[in-house]
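Here is the structure we will look at, set down as structure tokens.
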There are 4 protein chains.
Amino acid sequence: MDATDGTGGTSGASGTASAGETRQRRRGNTRQRIQDVALELFAEQGYEKTSLREIAERLDVTKAALYYHFKTKEEIIVSLFEDLTRPIEDLIEWGRQQPHTVETKREIIHRYSDALSAASPLFRFMQENQATVRDLRIGQMFKSRMLGMRDIIVDPDADLVDQVRCVSALFTLHAGMFVLREMDVDPKDARDAVLEVAVDLVTQAHGGSKESGA
Amino acid sequence: MDATDGTGGTSGASGTASAGETRQRRRGNTRQRIQDVALELFAEQGYEKTSLREIAERLDVTKAALYYHFKTKEEIIVSLFEDLTRPIEDLIEWGRQQPHTVETKREIIHRYSDALSAASPLFRFMQENQATVRDLRIGQMFKSRMLGMRDIIVDPDADLVDQVRCVSALFTLHAGMFVLREMDVDPKDARDAVLEVAVDLVTQAHGGSKESGA
Amino acid sequence: MDATDGTGGTSGASGTASAGETRQRRRGNTRQRIQDVALELFAEQGYEKTSLREIAERLDVTKAALYYHFKTKEEIIVSLFEDLTRPIEDLIEWGRQQPHTVETKREIIHRYSDALSAASPLFRFMQENQATVRDLRIGQMFKSRMLGMRDIIVDPDADLVDQVRCVSALFTLHAGMFVLREMDVDPKDARDAVLEVAVDLVTQAHGGSKESGA
Amino acid sequence: MDATDGTGGTSGASGTASAGETRQRRRGNTRQRIQDVALELFAEQGYEKTSLREIAERLDVTKAALYYHFKTKEEIIVSLFEDLTRPIEDLIEWGRQQPHTVETKREIIHRYSDALSAASPLFRFMQENQATVRDLRIGQMFKSRMLGMRDIIVDPDADLVDQVRCVSALFTLHAGMFVLREMDVDPKDARDAVLEVAVDLVTQAHGGSKESGA
DNA sequence: AATGAATGAGCGTTCATTCAT
DNA sequence: CATGAATGAACGCTCATTCAT
């Protein structure tokens with residue numbers, strides 16, 4: 001999997017080149033192309049409102065072709081989820097083995113922020129289709145990832161308010177991705193600001209003042 | 001169940017009483033009952049996955065009966081939205097006429113928290129069905145409510161980080177409602193903690209220190 | 001039945017006055033108003049595509065009110081048919097008692113032309129909804145009227161070609177009503193021209209030359 | 001059954017053979033069979049009253065199968081119209097390039113008569129479902145065909161009565177197809193008689209006397 | 001003279017899925 | 001590696017009709 005391109009797509013190569021491709025060149029990467037198009041449409045219109053017909057048409061193949069590559073519609077989104085959330089799995093794994101210090105948590109927030117924006121269409125999708133996703137396999141997977149993050153970022157013995165602060169830090173990152181798209185500021189500045197607030201929150205959760213942050 | 005609300009809106013009272021009612025008693029409140037059951041199902045399973053057949057069956061009427069009371073499926077959710085978000089509309093109206101001080105904003109956060117939990121199934125629904133809701137009429141309505149809240153809580157001239165803090169306060173309240181349901185703490189304590197974090201965020205956004213909060 | 005107004009409406013009075021009527025004035029003539037609106041809509045959109053809801057809405061009454069005045073949807077169109085085709089019934093009756101001369105037939109053509117344009121919306125409706133009308137009661141009625149007309153205008157012993165000429169005269173009148181609406185000529189001139197061609201046809205059917213016509 | 005038409009259009013051959021066919025034999029011609037059955041039912045009962053369920057049942061397939069071959073119900077009738085009215089389109093094309101003489105027009109009448117009877121179920125359908133057809137795509141198509149015919153058969157500078165004669169010739173052919181079905185004469189004789197009257201009408205429109213016809 | 005509330009049947013359409021080729 | 005053809009289940013919606021009040 002050459003997925004470390006950082007663009008957020010399933011693969012970088014076929015992202016925009018869908019128009020002029022010959023039948024030749026397409027051979028062998030149909031699975032990828034299905035994933036790319038599916039994610040695009042799922043994120044744009046939601047899971048239920050995206051039909052396999054639509055995906056197939058956009059790829060100029062038949063619906064039956066999709067079934068050659070994926071056993072069900074659900075498996076398409078599952079495969080995307082598995083491919084794209086590996087970094088977060090890794091982050092949780094890493095987090096578990098670190099001491100529960102402020103510094104660790106600040107690092108986690110940073111890495112989480114990176115992971116989120118690397119797979120932002122998927123996360124946008126997860127966020128906007130919670131009701132649907134809940135009774136798909138990825139619903140459970142996503143939930144367990146979230147709980148994993150929670151466990152490495154909130155200290156169960158801490159004051160409840162501080163626990164909330166940590167959860168809030170996580171949600172600030174999530175929300176930041178989508179809400180700030182709509183405010184007319186430079187995306188880079190926005191991301192930095194969001195990150196600062198999130199870091200601040202975990203810092204405060206550890207009794208820290210503003211100075212000790214950043 | 002604090003069901004003596006007297007607001008005329010969708011009440012919680014009849015929520016589970018669908019079984020033993022006589023045909024007599026049911027007359028005249030069918031519209032309400034449709035709203036109640038619909039909200040329950042929409043919140044539980046999502047908008048798309050809740051069919052009119054399902055709603056009708058649960059009420060022991062035919063699908064056509066629903067159409068006597070609502071012109072379309074969409075109109076059901078629109079009516080719920082209109083009935084249940086009036087308090088937030090009022091809050092925004094009120095907020096616009098206040099001076100933009102910290103105190104005002106703390107007050108807004110408190111009132112917003114109350115409004116959210118008064119209509120929490122609806123908000124849960126909105127949150128979990130964003131993709132669907134986006135191209136329903138309520139999508140636009142919700143968005144304009146959100147922007148209204150943003151306008152009365154964030155100061156466009158403030159530092160970007162402080163703006164984010166304010167938005168984050170809002171989202172902390174939203175997220176709080178659903179995430180904390182899953183943590184095993186007393187709901188009352190949870191709400192208080194969430195509220196404190198939110199208030200803290202707007203306080204900090206106004207250059208305040210922790211002491212001046214609460 | 002004061003229906004000899006010549007406007008083609010079921011009654012002349014309520015034809016265009018539907019807007020400003022008070023509840024008072026409306027009393028007692030609802031049946032008429034239903035007929036008027038129904039004919040208007042049936043002619044405009046067809047029988048199947050005009051729903052009782054639509055009729056009721058346009059009259060600002062409920063569907064159930066229609067059922068107070070007419071037992072079924074079909075009965076509405078039947079009542080219209082009966083009211084408006086009486087002149088043709090009478091014409092057939094008259095025709096049967098006349099000698100089968102050219103002069104008689106010319107007279108019949110004239111009278112038929114008048115009858116058609118007196119009830120033109122109904123005939124337009126019949127013409128454009130034959131498939132539907134066929135298994136309504138009026139289907140049989142209409143057919144028997146047509147056969148009646150045929151019997152008084154075609155001579156069963158005549159040459160087949162001459163028989164066709166007579167039938168064609170009838171259809172020329174029918175078609176004339178609708179086709180010529182679309183040609184940009186003065187309606188009066190058009191009617192006269194159509195009438196002349198029809199008269200010519202029956203004249204020729206009786207071995208007549210052009211000169212003996214008109 | 002003169003089914004060796006070789007036109008590639010909807011053929012008459014398979015019309016009644018729906019019962020004993022094996023699944024094997026059916027493969028590959030389902031589209032045709034849908035067209036055949038649909039036309040039969042549309043002509044018999046009308047467009048609105050023929051449901052897709054009915055068509056599907058008579059073919060022993062599911063409704064969904066129809067949707068594999070046609071995007072909508074409307075598309076079925078459109079496809080029939082396109083397939084079956086090509087000869088008339090061609091006739092109009094041909095007519096436009098001829099000199100506007102009596103001889104040409106007599107020829108047009110003959111050819112039109114042939115075209116009509118080659119596709120008589122369709123034309124019966126069009127005639128009997130005008131109200132419905134008006135707001136289907138074929139409504140416009142049909143109208144433009146009719147205007148095309150009018151343009152090649154009526155001379156806009158001629159006397160109005162003569163114009164009507166030409167239009168009447170056309171309608172005589174139309175009406176002839178359906179009305180004469182009901183008269184108890186040999187169909188061949190009937191067609192000839194209708195044709196003669198139509199030819200007569202255009203001949204007279206050109207100042208011709210009976211002798212110069214035939 | 002009319003309404004409010006509801007029904008039962010049906011409609012056109014869409015969907016995820018299957019399978020022989 | 002993929003298509004062509006089809007299915008079964010469901011969906012949102014509309015309609016003519018009924019009936020107690």
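In what follows, chains are A, B, ... by sequence order, proteins preceding strands, each numbered from 1. All values derive from a computational prediction rather than experimental measurement.
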Worksheet item: With B:Glu74, which residues qualify under salt bridge (Lys or Arg N to Asp or Glu O under 4.0 Å), at least two apart?
Response: none
Worksheet item: Among F:dT3, E:dA6, F:dA6, which is the nearest nucleotide to the side chain of D:Ala65?
Response: F:dA6
Worksheet entry | Pairs satisfying ring-ring contact (aromatic ring centres under 6.0 Å, His included), at least one member in residues 48-67 of chain C, at least two apart | none
Worksheet entry | Within residues 128-135 of chain A: residues closer than 4.0 Å to DNA chain E (heavy atoms) | none
Worksheet item: Distance check: side-chain N/O of A:Tyr68 vs OP1/OP2 of F:dC1, anything under 4.0 Å?
Response: yes
Worksheet item: Atom CZ of C:Phe70 to atom P of F:dA16: distance rounded to whole Å?
Response: 15 Å
Worksheet entry | salt bridge (Lys or Arg N to Asp or Glu O under 4.0 Å) involving D:Arg31 - partner list, sequence neighbours excluded | none
Item to complete: Applying salt bridge (Lys or Arg N to Asp or Glu O under 4.0 Å), name anything that partners C:Glu82, two or more places apart in sequence or on another chain.
Response: none
Worksheet item: Taking only residues two or more places apart in sequence or in another chain, which ones pass side chain to side chain donor-acceptor pair (under 3.5 Å) with B:Thr50?
Response: none
Worksheet entry | All stems with DNA chain F, defined as three or more consecutive Watson-Crick or G-U pairs under 3.5 Å | E:2-21 with F:2-21
Donor-acceptor pairs under 3.5 angstrom involving side-chain atoms of residues 131-139 of chain C: please list them, not counting sequence neighbours.
unit_1	atom_1	unit_2	atom_2	d
C:Thr132	OG1	C:Glu48	OE2	2.9
C:Arg134	NH1	D:Glu44	O	2.5
C:Arg134	NH2	D:Glu128	OE1	2.1
C:Arg134	NH2	D:Glu128	OE2	3.4
C:Asp135	OD1	D:Lys49	NZ	2.4
C:Asp135	OD2	D:Lys49	NZ	3.0

Worksheet, complete the sentence: In whole angstroms, the gap separating C1' of F:dA2 from CZ of A:Arg31 amounts to 16 Å
Worksheet entry | Gap between atoms CG and C1', on B:Leu66 and E:dT7 respectively (whole Å) | 12 Å
Worksheet entry | C:Phe81: ring pair (Phe, Tyr, Trp, His ring centres under 6.0 Å) partners, not counting sequence neighbours | none
Worksheet entry | Per-nucleotide protein contact string for nucleotides 8-13 of chain F (B base, S sugar-phosphate only, - none; heavy atom under 4.0 Å) | B--SBB
Discussion item. What is the separation between atom CG on C:Asp60 and atom P on E:dA1, rounded to the nearest whole Å?
Written reply: 18 Å
Worksheet item: Where do D:Glu57 and D:Arg53 land on the salt bridge (charged side-chain N to carboxylate O under 4.0 Å, His left out) test, with the steps shown first?
Response: CA-CA 6 Å; D:Glu57 260 167 21; D:Arg53 179 180 55 70; 3.4 Å; yes
Item to complete: Using a cut-off of strictly less than 4.0 Å, decide whether A:Thr30 has a side-chain nitrogen or oxygen near OP1 or OP2 of F:dA2.
Response: yes
Discussion item. Working to the nearest 0.5 angstrom, can you tell me the gap between D:Leu59 CG and D:Leu66 CG?
Written reply: 7.0 Å
Worksheet item: Closer than 4.0 Å, any side-chain N/O of D:His69 to the OP1 or OP2 of F:dG4?
Response: no
Practice prompt. Just jot down the salt bridge (Lys or Arg N to Asp or Glu O under 4.0 Å) partners of D:Lys73, sequence neighbours excluded, or say none.
Written response: none
Worksheet item: CD of D:Glu57 versus C1' of E:dC11: gap in Å, rounded?
Response: 13 Å
Practice prompt. With sequence neighbours left out, write down each residue that passes side chain to side chain contact (heavy atoms under 4.5 Å, CB included) with C:Glu75, or none if nothing qualifies.
Written response: C:Phe70, C:Lys71, C:Thr72
Worksheet item: Roughly, in whole Å, what's the span from CG in B:Leu59 to P in E:dA6?
Response: 10 Å
